[in-house]
2 protein chains.
Amino acid sequence: MPAIKDVARHAGLSVAAVSKYLKNPGSVRPDTRVRIESAIRALQYRPSPFARSLRTRRSGMIAVVVPDVRNPFFAELFDSIRIAARARGWLALLETSDDLQGLLAAVRSLSVGSVDGVIPCFLDDEHTASGLAEALHGRTPVIPVSWQASPQGGGTVLLDVRSGMRRMVRGLLDAGRVAPAYVGGPEDSTVSIQKLAGFRDALATAGLPVQAVPVQRGPFSLQAGHDAARSLLADPARRPDCLVAENDLLAVGCLRGAREMGVRVPDDLWVTGFDDIPLAAMVDPPLTTVSLPIREMGEAAVRLMAAALGVPEDAAGEAAGEASNDAAKGPAASGEALGILEVLPVVVVRESARPAPEAGQMS
Amino acid sequence: MPAIKDVARHAGLSVAAVSKYLKNPGSVRPDTRVRIESAIRALQYRPSPFARSLRTRRSGMIAVVVPDVRNPFFAELFDSIRIAARARGWLALLETSDDLQGLLAAVRSLSVGSVDGVIPCFLDDEHTASGLAEALHGRTPVIPVSWQASPQGGGTVLLDVRSGMRRMVRGLLDAGRVAPAYVGGPEDSTVSIQKLAGFRDALATAGLPVQAVPVQRGPFSLQAGHDAARSLLADPARRPDCLVAENDLLAVGCLRGAREMGVRVPDDLWVTGFDDIPLAAMVDPPLTTVSLPIREMGEAAVRLMAAALGVPEDAAGEAAGEASNDAAKGPAASGEALGILEVLPVVVVRESARPAPEAGQMS
DNA sequence: GTGAAAGCGCTAACAT
DNA sequence: ATGTTAGCGCTTTCAC
């Protein structure tokens with residue numbers, strides 16, 4: 001593996017000259033540049049990222065941490081961050097937080113310190129969040145994508161899932177549903193707690209007996225949705241007329257569970273999801289759900305990260321394909337001056353449920 | 001950021017002693033160990049991964065490259081590799097190859113050289129494969145997970161998709177289907193070419209006019225499956241009685257397309273997938289598909305990588321939770337002595353199609 | 001515009 | 001068992 005000194009020798013120059021060229025090819029004389037370039041080609045030289053990072057204390061990598069890649073919503077979100085990061089010359093790593101101990105160990109020994117910043121997505125189990133913060137002990141910028149503002153105040157992509165859920169459920173109730181049931185995520189997930197709160201907000205507003213409404217909880221998976229639906233629909237005497245699921249995966253599972261129980265959607269039962277993953281429009285019947293602007297969220301997270309790292313605003317777009325897009329970040333964004341970008345969930349109506357359209361602005 | 005010399009000073013020892021402790025805490029006297037540990041705690045010391053990697057030329061990271069994370073099959077596969085890697089103390093990075101230029105740039109400047117090995121999964125567009133090999137120029141072990149053996153011979157997880165598809169289709173034909181149509185992936189994907197070949201093998205064996213059978217191709221997405229089905233079912237006069245899709249995503253899209261065209265599955269039309277992602281069992285009707293042992297594939301890839309990196313066999317399991325599993329790697333594995341692990345696709349019959357069971361061993 | 005040299009934080013001989 | 005020391009490959013003053 002050739003080193004910079006080999007290139008220097010081959011080109012009849014000093015290491016410093018080559019290093020200078022590496023940082024900015026325009027900073028050396030044209031003829032030296034040619035010599036360096038041919039030496040690099042001849043030797044197949046590649047700068048060592050380790051040595052470079054050791055000096056500069058920058059790795060060009062940012063870590064994205066999600067609860068589960070197998071959830072299409074997180075796969076999409078990661079992908080959007082990855083693309084936005086690459087446009088700025090960064091490499092996005094993916095970590096998963098299913099196993100807190102393993103994550104922290106990995107993060108401690110490898111990522112952190114090798115990573116310029118961390119974007120935790122919906123890691124709101126308290127243990128994970130604080131464990132991560134502790135592992136990073138304030139040296140690495142953290143830009144969470146979540147429902148609550150970052151405690152460190154370093155920038156956040158905020159998502160008001162509570163009001164998203166509230167609006168969804170209000171529409172259902174306004175459209176005449178009287179016996180909703182809830183298919184939720186794990187108890188230790190605070191997004192899950194937020195969504196459930198939004199659900200109950202709507203119930204309370206409509207004057208329904210909040211505590212009497214059935215609630216099932218479990219992992220965010222197809223299987224859990226399926227099981228929850230079967231259990232909720234087991235007793236024909238008090239069958240819900242509407243299943244409100246916390247995400248699309250659960251909702252798709254519910255669809256299957258309902259089918260197995262001989263319950264027709266939407267005739268006998270409405271089902272709603274959350275996230276609006278591509279699958280939502282492709283199942284039968286297509287899911288009414290809450291849409292989140294994933295692309296924007298990823299772009300926003302990376303933009304906030306760039307700010308946190310002190311990268312000048314125009315440093316983006318050095319890679320290809322970045323159309324100028326003031327329009328794109330307009331409608332759903334606000335408050336970015338504070339390092340907070342809030343994105344608004346939007347109800348998307350398809351066949352699985354027909355909520356009433358919202359009246360006015362009040363959410 | 002404290003360095004190793006600070007720890008040494010704080011503990012009244014030399015850097016070497018601390019370094020030795022770091023490598024193997026048992027190699028120093030108990031009392032020095034205590035002093036080092038308290039110094040580390042007091043200073044909140046973390047070894048710099050950069051410096052360490054610069055010396056050892058090992059980063060503890062392996063890159064997994066997949067065509068698209070948003071495909072659940074690849075999300076699962078990555079996850080299984082990630083878990084197996086972590087069990088060996090490695091961190092698995094995820095790269096995506098949608099954009100060859102971007103991938104190579106990222107790989108060249110960051111991953112490669114920072115990564116101890118690369119596991120490309122079904123990257124069989126010729127450009128990508130050779131580009132990757134060139135970017136790595138033989139210095140980094142490559143353990144592909146694909147349908148063909150690695151040209152470099154460094155170890156491979158082999159998957160006979162061609163015979164998997166052949167067996168699926170033969171079952172369909174044996175069960176009386178006479179007008180199959182094919183919903184395939186992109187033309188430049190060689191897995192896609194393999195699967196189509198398997199499809200045609202079965203057609204030829206059954207004496208069907210291979211060239212007359214309709215074939216649609218497109219990206220591996222829900223939408224593409226949907227569009228293909230609509231187009232294939234557009235003419236009621238020559239409607240296929242069976243849609244063979246190259247993966248489950250396409251098949252789910254076909255289900256939706258068929259529904260929109262008023263075609264009932266499985267009564268009027270059979271539909272089959274490939275991969276057996278969790279979704280396959282949850283759509284309506286549940287998909288008949290070809291199952292691949294994803295967990296095993298991930299574990300095998302990492303095991304082969306360990307071998308390529310010269311890691312002793314028992315070095316696994318230093319992290320928790322690794323049950324001994326000679327049984328687990330038994331049934332579907334063969335030829336590992338050669339650095340090749342071949343996994344066998346298995347047809348899983350659900351409601352969307354009812355192929356005839358296979359007779360005998362001959363595939 | 002280019003060169004000489006110091007040092008980023010660590011590991012691995014080698015010496016004690 | 002512990003200490004001394006020479007780099008790993010690079011960037012970055014600082015001279016010239």
Side-chain angles (χ1 to χ4, degrees), chain A residues 1-37 39-40 43-61 108-116 139-140, chain B residues 1-40 43-61 89 108-116 139-140:
Chain A
M1 206 72 178
I4 196 172
K5 67 167 184 296
D6 301 312
V7 177
R9 191 176 325 124
H10 191 105
L13 292 162
S14 73
V15 236
V18 181
S19 178
K20 200 146 174 286
Y21 162 86
L22 255 22
K23 187 175 190 191
N24 174 9
S27 69
V28 298
R29 262 200 324 244
D31 61 312
T32 30
R33 199 176 79 192
V34 171
R35 279 156 65 201
I36 293 175
E37 280 168 353
I40 287 179
L43 272 48
Q44 302 240 59
Y45 168 74
R46 303 250 164 266
S48 152
F50 300 138
R52 180 172 281 182
S53 296
L54 180 58
R55 280 295 315 212
T56 61
R57 294 151 174 290
R58 280 274 149 101
S59 68
M61 309 195 284
R108 241 187 282 261
S109 69
L110 293 164
S111 301
V112 169
S114 354
V115 136
D116 297 343
R139 278 177 227 295
T140 309
Chain B
M1 206 74 175
I4 197 172
K5 66 167 185 298
D6 302 312
V7 177
R9 192 176 325 123
H10 191 105
L13 291 163
S14 72
V15 269
V18 180
S19 177
K20 201 146 172 287
Y21 162 85
L22 254 23
K23 187 175 189 190
N24 175 8
S27 67
V28 299
R29 260 199 327 241
D31 60 311
T32 37
R33 199 176 77 192
V34 171
R35 279 156 63 200
I36 293 176
E37 280 168 353
S38 85
I40 288 179
L43 272 48
Q44 301 241 60
Y45 169 74
R46 305 250 163 264
S48 152
F50 301 137
R52 180 174 281 181
S53 296
L54 180 58
R55 279 298 317 216
T56 61
R57 293 150 174 290
R58 280 274 149 100
S59 68
M61 308 195 285
R108 241 187 280 262
S109 68
L110 293 164
S111 301
V112 169
S114 356
V115 135
D116 296 343
R139 279 177 227 294
T140 309

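Proteins get letters first, then strands, A, B, ... in listed order; numbering begins at 1 in each. Everything numeric here is computed off the predicted structure, so don't read it as measured data. Heavy atoms only: backbone and side chains are in, while hydrogens, waters and symmetry mates are out.
The two residues B:Leu54 and A:Leu54 have their closest heavy-atom pair at CD2-CD2, 3.4 Å. Shown here for B:Ile36 and B:Ala17, the closest heavy-atom pair between the two residues is CD1-O, 4.0 Å. Here the closest non-hydrogen pair linking A:Asp116 and A:Gly60 is OD2-N, 2.7 Å.
Interatomic distance, CZ of B:Arg52 versus CZ of B:Arg58, reported as 14.0 Å (0.5 Å rounding). Here the CG atom belonging to A:Asp6 is positioned 10.5 Å from the NE2 atom belonging to A:His10, to the nearest 0.5 angstrom. Separating the CZ atom in B:Phe50 from the CZ atom in A:Arg57 is a distance of 9.5 Å, to the nearest 0.5 Å.
Atom C1' of nucleotide C:dG9 and atom CG of B:Leu43 are separated by 14 Å, given to the nearest angstrom. A:Asp6 has its CG atom 15 Å from the P atom of D:dG7, to the nearest Å. Taking atom OH of residue A:Tyr21 and atom P of nucleotide D:dT12, one finds them 17 Å apart after rounding to whole Å. B:Ile36 has its CD1 atom 9 Å from the P atom of D:dG3, to the nearest Å. Regarding B:Leu54, its CG atom lies at a distance of 13 Å from the C1' atom of D:dT11, rounded to whole Å. Rounded to a whole Å, the CG atom of B:Asn24 is 13 Å from the C1' atom of D:dA1. As a whole-Å value, the separation of A:Arg57 CZ from C:dC8 P is 9 Å. Separating the CZ atom of A:Arg58 from the P atom of C:dC8 is a distance of 19 Å, rounded to the nearest angstrom.
Nucleic acid contact for B:Ser53: none, since no nucleic acid atom lies under 4.0 Å from a heavy atom of the residue.
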Quick one, give me the B/S/- string for nucleotides 11-16 of chain C, reading 5' to 3', where B means a protein heavy atom under 4.0 Å from the base and S means that only happens at the primed atoms, P, OP1 or OP2.
BB----

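Applying the side-chain hydrogen bond (donor to acceptor under 3.5 Å, both in side chains) test to every pair with at least one member in residues 11-21 of chain B, sequence neighbours left out, gives these pairs: B:Tyr21-B:Glu37.
Side-chain atoms of A:Ser14 lie closest to C:dA4 of the nucleotides D:dT2, C:dA4, D:dG9.
In this structure, the side chain of B:Arg33 does not engage the main chain of B:Val28 through any donor-acceptor pair within 3.5 Å.
B:Ile4 places a side-chain heavy atom less than 4.5 Å from the side chain of B:Leu22.
Between its two ends, the helix from C:dG1-D:dC16 to C:dT16-D:dA1 turns its axis by 30°, counting five pairs per end and rounding to 10 degrees.
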